[in-house]
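Below is one structure, written out as structure tokens; comments come after it.
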Amino acid sequence: MILVTGGAGFIGSNFVLNWLAHHDEPVINLDVLTYAGNLENLATLKHDARHAFVHGDICDGNLVLQLLRNHKPRAIIHFAAESHVDRSILGPEAFVQTNIMGTFRLLEAARAYLAESDDAIKNSFRFVHVSTDEVYGTLAPDDPAFTETHRIAPNSPYSASKAAADHLVRSYYHTYKMPVVTSNCSNNYGPYQFPEKLIPLIIHNALAGKKLPIYGDGLQVRDWLYVIDHCTAIEAALERGKLGETYNVGGCNEQPNLVVVRTLCEILDQLRPRASGGSYADQMTFVADRPGHDRRYAIDATKIMRDLGWKPAETFATGIRKTVEWYVNNSAWVSNVTSGAYREWVGKQYGGAAPAAPAGGKV
Ligand code: NAD
Ligand code: TYD
């Protein structure tokens with residue numbers, strides 16, 4: 001079996017669902033269920049004996065060690081993190097705690113477990129660390145895309161905490177021979193993404209008749225990857241990744257935020273035309289820029305494509321349409337996750353009174 005951390009979040013839950021759709025190998029899913037973790041994402045696995053959910057914190061080293069001793073997973077796939085840049089600007093401490101200390105505790109538990117294990121376990125075990133392209137900092141418009149040897153230069157508390165975790169993971173390989181593989185992926189989109197991140201927030205606000213906030217001039221560029229393509233890259237890293245290596249993962253799909261938002265509005269105009277007429281694009285509003293906002297991210301995914309034979313299955317056109325359709329068809333999921341805590345956050349981030357509870361939402 002494999003041990004997944006953060007498997008009730010956006011990418012983790014897509015990973016678990018996709019894994020069990022293609023393998024019979026069981027999954028233990030360790031997640032503390034922050035605001036971003038949601039067991040509803042895994043509702044289809046409720047009666048599936050291959051999935052065991054453990055409600056717990058990756059910072060609890062004793063718990064992690066017990067799980068490793070009891071279940072002897074062949075790998076840890078480490079997703080658990082605080083993941084939202086804007087939240088890291090308002091409150092960095094949780095990012096230091098979970099992303100740095102949490103990764104440290106996991107590494108320590110894995111080290112203790114391997115020290116008492118036989119060679120068969122030592123030789124087959126993998127620690128797959130899921131990280132982000134944001135550790136490389138920002139690019140100018142004409143700079144080449146990030147390769148794995150790009151200097152690490154994080155600019156937000158989120159990316160700094162992920163970079164620190166990446167460094168710890170790297171050091172455990174070199175110092176303790178921990179069998180680690182790290183992936184650094186670009187922006188993901190797809191089902192089950194919490195509506196604080198750009199794409200689900202725009203869809204949610206558009207359908208709710210609210211403003212669509214564009215930070216600064218909206219010309220910041222991100223390299224968007226459909227979430228299942230990220231999951232297949234992590235599987236490739238697990239099964240074929242070279243120990244101690246990092247792999248950049250991206251969709252070769254750079255888009256300025258304005259283009260992403262306009263694309264979402266066009267698809268929504270087709271799927272759910274506004275009752276009042278006009279386009280959802282009429283709801284676009286320029287707002288104050290994010291402090292320290294990285295201008296451009298772009299991934300050079302040559303290494304993982306060449307060495308591990310991975311490539312994305314979705315184009316942006318197919319992935320984004322699927323995604324909008326999913327949100328339109330799963331409005332109950334959106335209502336449930338946009339709970340009281342979410343409304344408090346939106347009030348803090350975008351100013352003014354927190355929006356009212358959506359119909360059917362938890363209060
Ligand atoms: P998410 O915020 O949607 O989910 C994070 C999950 O981790 C949640 O289920 C949460 O409950 C859990 N968690 C948080 N703290 C925990 C703790 N102390 N113990 C146990 N569980 C805890 O994040 P995501 O977007 O799914 O990202 C998953 C990973 O992928 C993160 O490490 C992130 O840095 C990385 N990543 C994300 C993206 C992206 O575009 N979302 C891109 C590249 C890399
Ligand atoms: P986000 O989804 O938060 O991902 P990240 O900051 O990790 O790249 O944001 C994606 C881009 O969209 C980023 O340039 C910030 C911008 N953005 C907005 O313009 N408005 C918003 O309301 C949000 C959440 C993000």
Side-chain angles (χ1 to χ4, degrees), residues 10 83-89 132-134 136-146 155-156 158-159 185-190 193-227 229 250-274 276-299 312 314-328 334 346 349-352 355:
F10 163 49
S83 69
H84 187 35
V85 173
D86 292 320
R87 284 183 188 258
S88 83
I89 294 167
T132 165
D133 61 354
E134 303 193 25
Y136 299 121
T138 190
L139 291 170
D142 297 326
D143 284 345
F146 299 130
N155 290 322
S156 72
Y158 163 65
S159 54
C185 186
S186 60
N187 287 62
N188 285 209
Y189 66 96
Q193 188 168 28
F194 195 79
E196 63 186 353
K197 306 274 169 66
L198 180 70
I199 287 178
L201 181 127
I202 293 297
I203 299 170
H204 175 58
N205 279 17
L207 294 172
K210 293 181 195 155
K211 293 195 164 35
L212 312 182
I214 313 289
Y215 295 169
D217 61 7
L219 297 178
Q220 304 83 5
V221 171
R222 298 292 183 264
D223 179 352
W224 293 97
L225 181 71
Y226 189 66
V227 63
D229 284 325
C252 303
N253 173 53
E254 289 184 54
Q255 306 273 356
N257 294 338
L258 274 177
V259 172
V260 171
V261 174
R262 288 208 181 99
T263 304
L264 293 170
C265 291
E266 276 165 26
I267 299 172
L268 284 169
D269 286 340
Q270 292 161 16
L271 295 179
R272 283 279 187 284
R274 289 203 317 180
S276 57
S279 168
Y280 287 103
D282 299 343
Q283 291 165 227
M284 284 165 61
T285 311
F286 289 90
V287 300
D289 207 353
R290 169 188 283 173
H293 198 169
D294 284 337
R295 195 67 182 166
R296 173 176 168 242
Y297 303 140
I299 280 281
E314 298 290 341
T315 63
F316 189 63
T318 58
I320 199 71
R321 180 164 277 274
K322 263 192 197 176
T323 301
V324 178
E325 283 170 355
W326 187 88
Y327 282 93
V328 164
V334 178
V346 169
Q349 171 66 9
Y350 297 100

Who passes side chain to side chain donor-acceptor pair (under 3.5 Å) against [X], sequence neighbours left out?
{"X": "N188", "answer": "H230"}
{"X": "E314", "answer": "T318, K322"}
{"X": "D282", "answer": "R274"}
{"X": "S159", "answer": "S156"}

For the residue pair [X] and [Y], what are the closest heavy atoms and their distance?
{"X": "G190", "Y": "V227", "answer": "CA-CG1, 4.1 Å"}
{"X": "L225", "Y": "C185", "answer": "CD2-SG, 3.6 Å"}
{"X": "G251", "Y": "D223", "answer": "N-OD1, 3.3 Å"}
{"X": "F194", "Y": "P200", "answer": "O-CG, 3.5 Å"}

| task | Apply side chain to side chain contact (heavy atoms under 4.5 Å, CB included) to Y327 and Q193, showing your working. | result | CA-CA 10 Å; Y327 282 93; Q193 188 168 28; 3.3 Å; yes
[X] versus [Y]: any side-chain heavy-atom pair under 4.5 Å?
{"X": "P213", "Y": "L201", "answer": "yes"}
{"X": "S186", "Y": "N253", "answer": "no"}
{"X": "I267", "Y": "I203", "answer": "no"}

| query | Taking only residues two or more places apart in sequence or in another chain, which ones pass side chain to side chain contact (heavy atoms under 4.5 Å, CB included) with E325? | reply | L271, R321, N329
| request: Under the side chain to side chain contact (heavy atoms under 4.5 Å, CB included) rule, collect the residues that match up with R272, sequence neighbours excluded. | output: L207, Y280, V328
Gap separating the [atom1] atom of [X] from the [atom2] atom of [Y], nearest 0.5 angstrom:
{"X": "W224", "Y": "N187", "atom1": "CH2", "atom2": "CG", "result": "4.5 Å"}
{"X": "I202", "Y": "N205", "atom1": "CD1", "atom2": "CG", "result": "6.5 Å"}
{"X": "E134", "Y": "S83", "atom1": "CD", "atom2": "OG", "result": "9.5 Å"}

| said: So, using ring-ring contact (aromatic ring centres under 6.0 Å, His included) as the criterion, who are the partners of Y297 when residues are at least two apart? | reply: none
| Residues two or more places apart in sequence or in another chain: which of them pass ring-ring contact (aromatic ring centres under 6.0 Å, His included) with Y226? | Y189
| message | Listing request: all salt bridge (charged side-chain N to carboxylate O under 4.0 Å, His left out) pairs with a residue in residues 284-299, at least two apart in sequence or in separate chains. | response | D86-R290, D217-R295, E254-R296
Please tabulate, for the side chains in residues 257-265, all donor-acceptor contacts under 3.5 angstrom to protein atoms that are two or more places apart in sequence or on a different chain.
from: N257; atom 1: ND2; to: Q220; atom 2: OE1; distance (Å): 3.1
from: T263; atom 1: OG1; to: V259; atom 2: O; distance (Å): 2.7

| Sequence-distant partners of K211, salt bridge (charged side-chain N to carboxylate O under 4.0 Å, His left out), two or more places apart | none
